[in-house]
Amino acid sequence: MNGEVSGVAVVTGAARNIGREIALQLAAAGNAVLVNARSSADEAAEVVRAIEAAGGRAAAHLADVSEPAGAQSLMEAAIHHFGQIDILVNNAAVRREVPFAELDYARWREVMSVILDGAYLCAHAALPYLRQSKAGAIVNIGGMSAHAGSAGRAHVIAAKAGLVGLTRALAYDLGPDGITVNCVVPGLIATVRGGAAGNKEPAHHAERTTLLGRRGQPDEVASLVQFLCGPTARYLTGQAIHANGGAFLG
């Protein structure tokens, strides 16, 4: 641990991939971390063990952030374990691909409720505690397809584009409280995916290549999130910052 920052971070969807790396890097920077997952208890516990093995502080809390009670319980758990909240990272997401003609309302709402409603609910529940922090920060995790477009992802694109709008709105509303709000936009990141398709990449990944000739790694996204939550980024707010190896230049 390098002691760069010291606070308490809540990271949603932190059991694997980008969320896991965000939790690990925020902990390495000196923050206690509340690791959230909806149902992946074993994986969330493993993230906690990894943080504690490196000398950090962490706890896991299962909660569905698409529900008001779930978001509220997450913040209450952070206060119970660590006494404060300084950082909120809204990473939880559902990214299933489906052609628009087959996209029924239930699947539309499933994605919107986790990505966009979840970010709203968590920010709203965390706000009283972030206002007490001297360095409050919210980072929303967007998606490149919300800027570049792609087929079969109308629900995901709408939700992720909504996160950019929410980021800008909250930057205005929360700036007077000294709370920064930014959006990190990953693109073409090598992550482990589950479901019937196994580890198959999303179809829209095949439409683009990076200028660097490789896929990004979750820790490269996490390092940007850590920077935005740290003391040297206190003049950055309301921004959507891309990490995609040049696959999309926005």
Side-chain angles (χ1 to χ4, degrees), residues 9-20 22-23 34-41 43-44 60-78 85 87-130 138-147 149-171 173-174 181-186 189 191 193-197 202 204 225 240:
V10 175
V11 184
T12 70
R16 61 174 74 97
N17 294 323
I18 291 173
R20 180 183 191 277
I22 291 170
L34 189 69
V35 176
N36 163 252
R38 181 164 59 180
S39 59
S40 303
E43 289 172 302
H61 184 76
L62 298 184
D64 184 350
V65 299
S66 71
E67 298 289 341
Q72 188 63 43
S73 75
L74 185 57
M75 305 313 152
E76 290 173 356
I85 298 173
I87 295 165
L88 170 63
V89 181
N90 288 310
N91 173 70
V94 180
R95 302 181 181 89
R96 299 186 181 95
E97 295 184 338
V98 57
F100 182 71
E102 301 171 17
L103 178 59
D104 58 31
Y105 185 65
R107 280 185 282 190
W108 170 273
R109 282 303 311 154
E110 177 193 25
V111 168
M112 294 292 289
S113 68
V114 173
I115 295 175
L116 189 54
D117 294 353
Y120 153 74
L121 289 169
C122 287
H124 202 269
L127 182 56
Y129 310 108
L130 291 171
I138 298 174
V139 178
N140 299 316
I141 305 301
M144 187 178 74
S145 64
H147 302 263
S150 71
R153 293 170 66 84
H155 48 345
V156 177
I157 288 173
K160 290 290 190 177
L163 279 183
V164 176
L166 180 64
T167 296
R168 292 170 178 163
L170 292 185
D173 280 348
L174 307 187
V181 188
N182 291 288
C183 183
V184 169
V185 186
I189 306 300
T191 57
R193 296 173 175 86
H204 77 285
V225 175

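Nearest heavy-atom pair, Met75 versus Cys122, reported as atom, atom and distance to 0.1 Å: CE-O, 3.6 Å. Closest non-hydrogen pair, Ala44 versus Ala60, comes out as CB-CB, 4.1 Å. Here the shortest heavy-atom pairing between Val10 and Ala78 reads CG2-CB, 3.7 Å. Residues Val65 and Ala92 come closest through the heavy atom pair CG2-CB, 3.9 Å. Closest of all the heavy-atom pairs between Ala154 and Trp108 is O-CZ3, 3.9 Å. The shortest heavy-atom contact between Thr167 and Val181 is CG2-O, 3.6 Å.
For His147, the ring-ring contact (aromatic ring centres under 6.0 Å, His included) criterion is met by His242, not counting sequence neighbours.
For the atom pair CZ of Arg20 and OG of Ser40, the computed distance is 12.5 Å after rounding to the nearest 0.5 Å. Interatomic distance, Arg96 CZ to Leu103 CG, rounded to the nearest 0.5 Å: 12.0 Å. Asp64 contributes atom CG, which lies 11.0 Å from atom OG1 of Thr12 (distance to the nearest 0.5 angstrom). Here the CG-CD1 distance, from Leu34 to Ile87, works out to 12.5 Å after rounding to the nearest 0.5 Å. Atom CG of Asp117 and atom CZ of Arg109 lie 4.5 Å apart (nearest 0.5 Å). Residue His124 holds its NE2 atom at 10.0 Å from CD of Gln72, rounded to the nearest 0.5 Å.
No donor-acceptor distance shorter than 3.5 angstrom exists from the side chain of Asn90 to the backbone of Ala123, with no hydrogens or angles considered. Of the possible donor and acceptor atoms, one in the side chain of Asn36 sits under 3.5 Å from a partner among the backbone N and O of His61. Not one N or O on the side chain of Ser145 forms a donor-acceptor pair closer than 3.5 Å with the backbone of Ser150.
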Worksheet item: So Ser66 and Leu121, side chain to side chain contact (heavy atoms under 4.5 Å, CB included) or not? Walk me through it.
Response: CA-CA 7 Å; Ser66 71; Leu121 289 169; 5.6 Å; no
Worksheet item: Please walk me through it: do Leu130 and Ile85 pass side chain to side chain contact (heavy atoms under 4.5 Å, CB included)?
Response: CA-CA 6 Å; Leu130 291 171; Ile85 298 173; 4.0 Å; yes
Item to complete: Output, in order, the C-alpha distance, side-chain angles, deciding distance and verdict of side chain to side chain contact (heavy atoms under 4.5 Å, CB included) for His155 and Val98.
Response: CA-CA 9 Å; His155 48 345; Val98 57; 3.6 Å; yes
Discussion item. Lys160 vs Arg153, test: side chain to side chain contact (heavy atoms under 4.5 Å, CB included). Steps then yes/no.
Written reply: CA-CA 10 Å; Lys160 290 290 190 177; Arg153 293 170 66 84; over 6 Å; no
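Side-chain contact between Ile138 and Leu174: present, with at least one pair of heavy atoms (C-beta onward) separated by less than 4.5 Å. Side-chain atoms of Val94 and Ile115, non-hydrogen and from C-beta on, never get closer than 4.5 Å to each other. For the pair Val139 and Ile22, the minimum side-chain heavy-atom distance is 4.5 Å or more.
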